[in-house]
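Below is one structure, written out as structure tokens, with a few remarks after it.
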Amino acid sequence: MSDEVTLYYNPRSRAQMAHYALEEVGAPYKLVHIDLEKGENRKPDFLKINPMGKIPTIVHRDTVVTEAAAIIGYLADAFPAAGLTPALDDPRRGTMLRWLVFGASSFEPALVDTMMKRDPVNKMMAGWGDWDDVLGALEVMLDPGPWVLGDQFSAADIYVGAELAWAKSFGAPGLTERPKLLAYIDRITTRPAYQRTIGAVG
Ligand SMILES: N[C@@H](CCC(=O)N[C@@H](CS)C(=O)NCC(=O)O)C(=O)O
């Protein structure tokens with residue numbers, strides 16, 4: 001069976017993060033362009049693959065994986081030669097999973113809340129707290145740094161780093177006052193794999 005990963009992709013979407021991950025892990029892949037304006041993601045053929053009609057979506061060895069964070073974690077496991085995930089019995093795997101999931105379950109919804117200027121939700125009830133708490137937690141995540149796992153770059157950096165760079169590009173509040181996060185964004189965005197993918201789209 002072919003090891004090639006198919007990524008359903010549009011350069012102006014979260015599929016950029018999966019593209020970046022494919023380059024970091026060194027997987028063979030092909031991009032299938034999905035025109036969101038034309039609603040190609042809502043056509044029956046695509047909905048059979050991802051019933052949410054969302055990208056990124058990948059297919060690898062006949063298995064569909066959706067959700068950017070899951071895709072990134074999966075690719076790190078499926079292409080272990082890149083060394084982007086600790087072994088199953090390594091406790092640092094817990095740290096990596098913690099921040100990968102935090103990225104999708106707290107960072108992303110808090111970012112959407114703040115960018116859409118939604119009324120604050122009761123942070124005791126909302127699983128993602130609020131934007132300020134998320135930024136504070138990300139600073140703690142980088143202690144001691146330079147990456148989530150210290151000296152080891154991992155799948156968590158791909159998701160959280162790309163999401164932070166995305167937040168900065170949208171002018172998300174609170175980042176300019178946090179030099180630690182800005183320096184981390186610089187480290188991510190100057191990586192060759194980032195430059196070949198998200199950085200090349202601009
Ligand atoms: N929870 C998904 C979100 C993916 C998502 O919302 N993708 C957008 C593009 S950035 C999309 O496919 N939108 C098309 C639509 O919903 O019609 C993930 O983390 O991958």
Side-chain angles (χ1 to χ4, degrees), residues 5-25 27 29-60 63-79 84-85 96-118 121 126-131 134-135 137-138 141 148 154-172 185 188-189 193-194 196-202:
V5 179
T6 300
L7 169 62
Y8 293 88
Y9 169 82
N10 183 293
R12 303 272 164 217
S13 78
R14 290 169 176 85
Q16 284 189 332
M17 288 195 275
H19 189 203
Y20 168 41
L22 284 163
E23 286 284 333
E24 284 282 9
V25 302
Y29 67 90
K30 73 168 182 223
L31 302 180
V32 175
H33 193 272
I34 296 291
D35 192 328
L36 298 171
E37 319 273 90
K38 288 192 184 149
E40 285 176 355
N41 55 314
R42 299 281 159 194
K43 298 237 165 93
D45 278 358
F46 186 75
L47 291 174
K48 263 192 249 159
I49 302 169
N50 182 356
M52 287 294 284
K54 296 273 190 193
I55 54 172
T57 293
I58 65 164
V59 180
H60 182 226
T63 296
V64 174
V65 187
T66 69
E67 305 307 314
I71 289 170
I72 291 166
Y74 171 81
L75 289 174
D77 283 341
F79 296 91
L84 297 189
T85 184
M96 190 205 69
L97 288 171
R98 171 186 176 191
W99 293 109
L100 187 59
V101 173
F102 178 84
S105 64
S106 297
F107 181 5
E108 157 108 13
L111 174 62
V112 173
D113 271 357
T114 196
M115 293 315 291
M116 299 188 87
K117 299 189 177 7
R118 289 186 181 139
V121 285
W128 54 94
D130 64 24
W131 181 236
V134 163
L135 290 179
L138 292 174
M141 173 193 81
V148 173
S154 73
D157 295 294
I158 297 177
Y159 186 89
V160 175
E163 186 94 3
L164 265 170
W166 193 45
K168 184 178 171 226
S169 73
F170 284 124
I185 293 169
I188 290 285
T189 56
Y194 186 97
R196 288 195 297 275
T197 54
I198 305 177
V201 172

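Positions are given from 1, in the same order as the sequence printed here. Bear in mind that the values here come from a model prediction, so they are computed numbers and not experimental data. Read the numbers this way: they start at 1 and go in the same order the structure lists the ligands and their atoms.
- Two residues are said to be in side-chain contact when any heavy atoms from C-beta on lie closer than 4.5 Å; Ile58 and Tyr29 fail this criterion.
- Within the 4.5 Å cutoff, no side-chain heavy atoms of Ile188 are placed close to those of Leu164.
- Neither the backbone nor the side chain of Glu108 comes within contact range of ligand 1; no heavy atom lies under 4.0 Å.
- Those atoms of ligand 1 that come under 4.0 Å of a heavy atom in Arg14, given as number and element, are 3 (C), 4 (C), 5 (C), 6 (O), 7 (N), 8 (C), 10 (S).
- By the 4.5 Å heavy-atom criterion applied to side chains, Leu84 and Ile72 are not counted as neighbours.
- Of all atoms in ligand 1, numbered sequentially from 1 with element shown, those under 4.0 Å from a heavy atom of Asn41 are 14 (C), 15 (C), 17 (O).
- For ligand 1, one of its N or O atoms has an N or O atom of Ala68 under 3.5 Å away.
- The closest protein non-hydrogen atom to atom 1 (N) of ligand 1 is Glu67 OE1, 2.6 Å.
- Interface atoms of ligand 1 facing Ser13, defined by a heavy-atom separation under 4.0 Å, are 9 (C), 10 (S).
- One finds the CD1 atom of Ile185 at 9.0 Å from the OH atom of Tyr194 (value rounded to the nearest 0.5 Å).
- Below 4.0 Å from some heavy atom of Arg42 lie the following atoms of ligand 1, by number and element: 15 (C), 16 (O), 17 (O).
- Using the six-membered ring where Trp is involved, His60 and Phe79 have ring planes that are tilted, between 30° and 60° apart.
- The ligand atoms of ligand 1 that sit less than 4.0 angstrom from a heavy atom of Pro56 are 20 (O).
- At least one side-chain heavy atom of Met141 sits under 4.5 Å from a side-chain heavy atom of Val160.
- Tyr8 is not listed as a side-chain neighbour of Asn41, based on a closest heavy-atom distance of 4.5 Å or more.
- Here is the list of ligand 1 atoms found below 4.0 Å of a heavy atom in Lys54: 4 (C), 5 (C), 6 (O), 7 (N), 11 (C), 12 (O), 13 (N), 15 (C), 16 (O).
- Taking atom 4 (C) of ligand 1 as the reference point, the nearest protein heavy-atom neighbour is Ile55 O, 3.4 Å.
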